[in-house]
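For reference, the structure is listed below as structure tokens.
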Amino acid sequence: NDAVVVAVTSTQVQGQEQGQGVRVFPNPVSDALCFTSFGISGPYLVELIGVDGRVIRSERTSVNHVDVSMLLPGMYALRVNGSTVRFVKN
């Protein structure tokens with residue numbers, strides 16, 4: 001239970017420039033992972049990244065959510081226009 005609290009409180013990671021970043025919700029997630037971007041404008045380059053650093057899926061989109069239902073349970077990262085945040089898939 002504490003690990004989930006840590007994952008939830010560490011969902012915002014700053015981008016290269018001050019004021020840029022991305023936040024994801026819900027975390028943990030089952031199906032659709034939504035994100036809010038700060039200082040990042042769309043369209044978005046969205047990448048799902050495995051714990052090994054491999055890009056699982058990459059797409060350009062103008063919406064602020066991504067389908068993660070195909071992922072196995074575990075820890076992943078979401079990179080949006082260069083800003084990366086970790087999330088847990090149920």
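The ring-ring contact (aromatic ring centres under 6.0 Å, His included) contacts involving residues 48-69 comprise nothing, where partners must be two or more places apart or lie in separate chains. Residue pairs meeting the salt bridge (Lys or Arg N to Asp or Glu O under 4.0 Å) criterion with at least one member in residues 70-83, sequence neighbours excluded: Glu47-Arg79. Sequence neighbours left out, not one pair with a member in residues 62-77 passes salt bridge (Lys or Arg N to Asp or Glu O under 4.0 Å). Every pair tested for salt bridge (Lys or Arg N to Asp or Glu O under 4.0 Å) that includes a residue from residues 31-42 fails, sequence neighbours excluded, so the list is empty.
Nearest heavy atoms, Ser58 versus Leu45: OG-CD1, 3.6 Å. Across every non-hydrogen atom of Val24 and Arg86, the tightest pair is CG2-O, 4.1 Å. Nearest heavy-atom pair, Pro26 versus Ala32, reported as atom, atom and distance to 0.1 Å: CD-O, 3.8 Å. Residues Asn90 and Ser30 approach most closely at ND2-OG, 3.7 Å, considering heavy atoms. Between Thr84 and Ala77, the closest heavy-atom pair is CG2-CB, 3.8 Å.
To the nearest 0.5 angstrom, Phe87 atom CZ is 9.5 Å from Ile49 atom CD1. Summarising the geometry, atom CG belonging to Leu48 is positioned 6.0 Å from atom CG belonging to Leu78; distances are rounded to the nearest 0.5 Å. Ile56 contributes atom CD1, which lies 5.5 Å from atom OH of Tyr76 (distance to the nearest 0.5 angstrom). The CZ atom of Phe25 sits 4.0 Å away from the OG1 atom of Thr36 when rounded to the nearest 0.5 Å. Between the CZ atom in Phe38 and the CZ atom in Arg23 there is a gap of 6.0 Å [rounded to 0.5 Å].
By the salt bridge (Lys or Arg N to Asp or Glu O under 4.0 Å) test, Arg60 is found to be paired with no residue, residues two or more places apart in sequence or in another chain being considered. With sequence neighbours excluded, the residues satisfying side-chain contact (heavy atoms from CB on, under 4.5 Å) with Thr61 are Tyr44, Val46, Glu59, Val63.
Put simply, the side chain of Leu33 does not reach to within 4.5 Å of the side chain of Lys89, judged on heavy atoms.
Neither Val55 nor Val51 shares a network with the other; the hydrophobic side chains, linked directly or stepwise wherever heavy atoms of I, L, V, M, F, W or Y lie under 4.5 Å apart, form separate groups for each.
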